[in-house]
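Reviewing the structure listed below.
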Protein chains: 2
Amino acid sequence: MAAGNDVMESRIGRMCIERGLKMTGQRRVIARVLSEAQDHPDVEELYRRAATLDSRISVATVYRTVRLLEEKGILERRDFGGGRARYEATEEGDHYHLIDVDTGKVIEFEDEEHARLLRRIANDLGFDLVSHRLELFARKRTADTKDESPPRTTTARPTGRSKR
Amino acid sequence: MAAGNDVMESRIGRMCIERGLKMTGQRRVIARVLSEAQDHPDVEELYRRAATLDSRISVATVYRTVRLLEEKGILERRDFGGGRARYEATEEGDHYHLIDVDTGKVIEFEDEEHARLLRRIANDLGFDLVSHRLELFARKRTADTKDESPPRTTTARPTGRSKR
DNA sequence: CTATTTGCAAATTGTTTGCATTAAC
DNA sequence: GTTAATGCAAACAATTTGCAAATAG
């Protein structure tokens, strides 16, 4: 394995540079943490992970950084309930989140049909869709539950990333 | 016009009684304010309106009351961004909100197809849908924008209530 | 060098809570 | 009467900010 795990700028670090952001030590660390996150951490958690890599970092800086990166379009803020904002790197194409109400685990999925439907709805009301928010809160299906949904074929599918 | 605007219990006031809640003066006032609201007021706004009708009322009571009514299923809490919770009376059938990003105005709409689609998505992922959240953020269509949506007929339609 | 960024602690914002007092039922 | 509800102010949790010191470019 060849991965300059300390010399090379993280993916998000590179994006920061592209946008002309000053790369301080703490910013680089936070960028790395964000680049490596496979979940949707809140600021507290980001701070914890960042502090592990470099202890001279403060929560205030984490707050300032995520806000900055959100403004730059590098990050997206999510609200899965529970009062604290959670973050994930901006990705191509919309995806949505299903939150397991029992475990808090977050599952991502895509759904083309859905995105189209929303755009149409806004259009029908005389608006252009700027953005939207969708969260499903659900519970793992119990073995016995019979399939009651229409027989139509599915467009939904998990994107693979599974979350805390 | 015949409307005992002070003698009769408001719609939500009646619901409180049905569920055996003790009807204090302030609770009655808050219930009336909620019953008459045609929008999605936050606590601050509810407090302002309630205080107009009866000044001996405190924000704490408004907070306690909306929480109570939400637990009782009489009210629903919404989050349209902006940090504060907003409330509206529980209604039959799901409806969604489109927030005009320029004016902050909220438009409600229903969409049967949509609700079905969400249930199916959860199902396909192996879950039973417990609840969901959907908000559209949009901008009034500029006159020139051509219709680019599929020619299929619409299921979305405004429910009539238009909001702040 | 100069403009930004950081740390720290204090400040803000939305909301909750403890406790003595008041009011429903 | 008793139990629950209220007001007030203090407590909280998440996030923001002022300012002097540190640092990237």
Side-chain angles (χ1 to χ4, degrees), chain A residues 9-10 12-34 40-48 50-51 53-72 74-87, chain B residues 9-10 12-34 40-48 50-51 53-72 74-87:
Chain A
E9 196 68 61
S10 65
I12 289 184
R14 267 176 273 128
M15 299 183 72
C16 290
I17 294 171
E18 273 173 39
R19 326 233 165 168
L21 297 182
K22 201 176 271 193
M23 284 313 279
T24 67
Q26 23 279 76
R27 218 168 255 181
R28 204 183 319 276
V29 169
I30 296 170
R32 175 172 299 286
V33 167
L34 286 167
H40 305 80
D42 56 31
V43 169
E44 188 76 11
E45 177 62 22
L46 287 174
Y47 172 58
R48 214 171 298 128
L53 303 188
D54 182 344
S55 58
R56 73 210 139 154
I57 207 169
S58 77
V59 232
T61 297
V62 179
Y63 272 107
R64 281 192 270 235
T65 304
V66 292
R67 186 141 57 88
L68 176 69
L69 297 200
E70 196 200 349
E71 280 162 13
K72 295 294 183 185
I74 298 173
L75 280 190
E76 283 178 9
R77 192 211 322 253
R78 303 286 179 197
D79 166 26
F80 297 154
R84 42 236 287 168
R86 298 173 59 173
Y87 293 87
Chain B
E9 196 68 61
S10 65
I12 289 183
R14 267 176 273 130
M15 299 183 73
C16 290
I17 294 171
E18 273 173 38
R19 328 237 163 163
L21 298 182
K22 200 177 272 193
M23 283 313 280
T24 67
Q26 24 276 80
R27 216 167 257 181
R28 204 183 321 274
V29 169
I30 296 170
R32 175 171 299 285
V33 167
L34 286 167
H40 305 78
D42 56 32
V43 169
E44 188 76 10
E45 177 63 21
L46 286 174
Y47 172 59
R48 213 172 299 128
L53 302 187
D54 183 344
S55 58
R56 73 211 140 156
I57 208 172
S58 77
V59 232
T61 298
V62 179
Y63 272 107
R64 280 192 270 237
T65 304
V66 292
R67 185 141 57 89
L68 176 69
L69 299 200
E70 196 200 348
E71 281 162 13
K72 294 296 183 184
I74 297 174
L75 279 190
E76 284 178 7
R77 192 210 321 251
R78 303 287 179 195
D79 166 25
F80 296 154
R84 42 237 289 166
R86 298 174 58 175
Y87 293 88

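Residue numbers start from 1 in every chain, and the chains themselves are labelled A, B, ... in the order their sequence lines are given, proteins ahead of strands.
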Looking at the side chain of [X], which of [options] is the nearest nucleotide?
X: B:Q26; options: D:dG7, D:dA14, C:dT15; answer: D:dG7
X: A:S58; options: D:dG7, C:dT6, C:dG7; answer: C:dG7
X: A:R27; options: D:dT15, C:dT6, C:dG18; answer: C:dT6
X: A:Y63; options: D:dC8, D:dT16, D:dG25; answer: D:dT16
X: B:M23; options: D:dT15, C:dC25, C:dT15; answer: C:dC25
X: B:K22; options: D:dG7, D:dA5, D:dA24; answer: D:dA5
X: A:A60; options: D:dT15, C:dT17, C:dC8; answer: C:dC8

Practice item. Would you mind classifying the nucleic acid contact of B:R67 as base, sugar-phosphate or nothing, using non-hydrogen atoms under 4.0 angstrom? Key: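 Sugar-phosphate, backbone atoms only, no base.
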Check your understanding: When you check the phosphate oxygens OP1 and OP2 of D:dG7, does a side-chain N or O of B:T61 lie under 4.0 Å from one of them?
Key -> yes
Practice item. Would you indicate whether A:R19, at its atom CZ, is surrounded by more than 12 heavy atoms from other residues, nucleotides or ligands within a distance under 6.0 Å? Key: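 Atom CZ in A:R19 is packed in, count exceeds 12.
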Review point. Any chance CZ of B:R14 has more than 12 other-residue heavy atoms, nucleotides or ligands included, within less than 6.0 Å?
Key: yes
Review point. With rounding to whole Å, what would you report as the distance between C:dG7 and C:dA11 at their C1' atoms?
Key: 16 Å
Could you check how far [atom1] of [X] sits from [atom2] of [N], rounded to whole Å?
X: A:L68; N: C:dT4; atom1: CG; atom2: P; result: 13 Å
X: B:E9; N: C:dA24; atom1: CD; atom2: C1'; result: 13 Å
X: A:R19; N: C:dT4; atom1: CZ; atom2: P; result: 19 Å
X: B:I30; N: D:dA5; atom1: CD1; atom2: C1'; result: 11 Å
X: A:R84; N: D:dA13; atom1: CZ; atom2: C1'; result: 8 Å
X: A:R28; N: D:dA24; atom1: CZ; atom2: C1'; result: 10 Å
X: B:R56; N: D:dC8; atom1: CZ; atom2: P; result: 12 Å
X: A:I57; N: D:dA22; atom1: CD1; atom2: P; result: 18 Å

Exercise for review: Between B:L21 and B:V59, name the one whose nearest nucleotide on DNA chain C is closer to the 5' end.
Suggested key: B:V59
Check your understanding: Is A:E70 salt-bridged to A:R67, cutoff N-O under 4.0 Å?
Key -> no
**Study point:** Test: B:R77 and B:D79 ion pair at under 4.0 Å
**Key:**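 No, this pair does not count.
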Study note, to complete from the structure: Scanning both residues in full, the closest heavy-atom pair of A:L34 with A:I12 reads CB-CD1, 3.6 Å
